[in-house]
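Accompanying notes for the structure given below.
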Protein chains: 2
Amino acid sequence: MGTSERKKREKLKRRDSIIDAAEKVFFSKGFEATTMDDIAEQSELSKGTLYLYFKSKEDLHLAVAMRSIKILNRLTEGLASQAQNAIDKLNTLGHTFISFAKQYPGHLQSILHVESIDFRQLSLSKTELKHVIFKESPVRMVMELVQQGVSEGIIRKDISPGIIANMLWTQMLGLFQFVNFQKSLFEMVDISEDEMFENYMELVLSGVRS
Amino acid sequence: MGTSERKKREKLKRRDSIIDAAEKVFFSKGFEATTMDDIAEQSELSKGTLYLYFKSKEDLHLAVAMRSIKILNRLTEGLASQAQNAIDKLNTLGHTFISFAKQYPGHLQSILHVESIDFRQLSLSKTELKHVIFKESPVRMVMELVQQGVSEGIIRKDISPGIIANMLWTQMLGLFQFVNFQKSLFEMVDISEDEMFENYMELVLSGVRS
DNA sequence: TCATAAAATGACCGCTGGTCATAACTAACA
DNA sequence: TGTTAGTTATGACCAGCGGTCATTTTATGA
């Protein structure tokens, strides 16, 4: 009988519902200000139960971030096989990222968190975590498009595609940071967000053309 | 009589010595793992005294970061008035940043921290803090050099210098991040750090040339 | 209905950032 | 020098947190 299968499904459901709850609280109060008791209350479970599914608050945070990354990846899948040249696709990718950032600011926040983890201070046992994060990171899509561009001959081949892709992704993260946090620091009230984004993309992409 | 002056000096000295102690502990254990008692012990003061000079652990961290920023700024001052063209100066600036990153990894870490503060979650009363940080930020030097470049006609003028400068600074922060944390994530063992840096600079700067 | 295992609970713990009543020290004057 | 007013330093203390675990509750299968 499929009892154990059902149990497994239910366990996953419960895990998911905890992530749901954590998302709500993290996104509204911020990660640091959120307590495990908050999440327990929101999920209608006891605190102890949370620790049956996640081994720490940070672990739960990572789960939230991984889900965010999956959402972002879903928005961009299929792009690589579209009938455009690679640079246009990179442009589209950039637009997708930006609209994601606007639509899901909380999710974006969590992605920025995992992408800036200080791996030096991570215990060695967590090496696999690095690989999981990297494997799922949206930078993969960027790299694929860059490689396409090199094949098409419209992206410079004198610099390693890995470096180019990382630069583009870094730039994307920087733009997120900029739009979300630091916009007010600059005295550029006379430029719209969209305009700024176009400028950014133009600036960044003009460096990679062959 | 200069009694009160001497007192003021001594207060500043004490403040400085606390920052010294905090640096040591932060840089060796990391910010989160450091307790105020650690710093109290290192500074040979009681915990209560620390709170006479800094109103919170984060405040102390900011003081450490501001000192780091000052060190970095000192390394680059005078660059603007040198007899090179602006793009060469930007290149030099990049090299200076990189060697700073290598020489003072702890200081760099603290700078990355303040540069990525989530200002949305900062109370309004701390608006001045934003300005202080921005005013001291090394991005100022970048902006000055970009403006020089525009005047010289070697940097494109169709995009606002503010955006260009921010892109370059963002890129610098991203490169720091990359070198320090994520290098191992990429399978590019066959490229030296210096080579990678040169590629990076070339890539970034080629986008800003007019 | 009962026995076994799995899941959930919440009282509890140790540690941390931060506070505050008290103490120690300093400086100026009588 | 003794007194006093003000400043600086102390460390016992607190509340809140992440995390644990002995106990209870629930689900399963015969």
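Numbered from 1 within each chain, the chains take letters A, B, ... in sequence-line order.
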Can you tell me the distance, in whole Å, between the OH atom of B:Y51 and the P atom of D:dA12?
-> 17 Å
Nucleic acid contacts - residues 33-46 of chain A versus DNA chain D, non-hydrogen atoms under 4.0 Å = A:T34, A:T35, A:M36
Integer-rounded Å distance: C:dG10 P and A:L50 CG | 12 Å
Separation of A:I18 atom CD1 from C:dA7 atom P, in whole Å?
-> 12 Å
So is A:K57 actually on top of A:F26's ring, under 6.0 Å and inside 45° of the axis?
-> no
Does the base of D:dG19 carry an N or O that pairs as donor and acceptor with the side chain of A:K55 under 3.5 Å?
-> no
Which word best sums up how the rings of A:H61 and A:F31 line up, parallel for under 30°, tilted for 30 to 60°, or perpendicular for over 60°?
-> parallel
Contacts under 3.5 Å, N or O only, protein and nucleotides 6-8 of chain D:
none

Using whole Å, report how far CZ of A:F54 lies from C1' of D:dT20.
-> 18 Å
For A:F100, check ring-ring contact (aromatic ring centres under 6.0 Å, His included) against everything at least two apart and list the hits.
-> A:Y104
Rounded to whole angstrom units, what separation is found between the CG atom of B:L60 and the P atom of C:dG18?
-> 10 Å
Only counting residues at least two apart or in another chain, list the ones meeting side-chain hydrogen bond (donor to acceptor under 3.5 Å, both in side chains) with B:T49.
-> B:S46
Side chain to side chain donor-acceptor pair (under 3.5 Å) between B:Q148 and B:K89, intermediate numbers included | CA-CA 10 Å; B:Q148 281 188 15; B:K89 284 186 212 170; 2.7 Å; yes
A:K29 has an atom NZ; how far is it from atom C1' of D:dC17, in whole Å?
-> 12 Å
Test salt bridge (Lys or Arg N to Asp or Glu O under 4.0 Å) applied to B:E202 - qualifying residues, sequence neighbours left out | A:R156
Do A:S68 and A:S110 meet the criterion of a side-chain donor-acceptor pair at a distance under 3.5 Å?
-> yes
To the nearest Å, how far apart are B:F31 CZ and C:dG17 P?
-> 8 Å
Would one find a side-chain N or O of B:K57 under 4.0 angstrom from OP1 or OP2 of C:dG17?
-> yes
With B:S137, which residues qualify under side-chain hydrogen bond (donor to acceptor under 3.5 Å, both in side chains), at least two apart?
-> B:E115
Just wondering, do B:T170 and B:M167 contact through their side chains at under 4.5 Å, heavy atoms?
-> no
Rounded to whole Å, the NZ-P distance (A:K47 to D:dC17) equals 9 Å
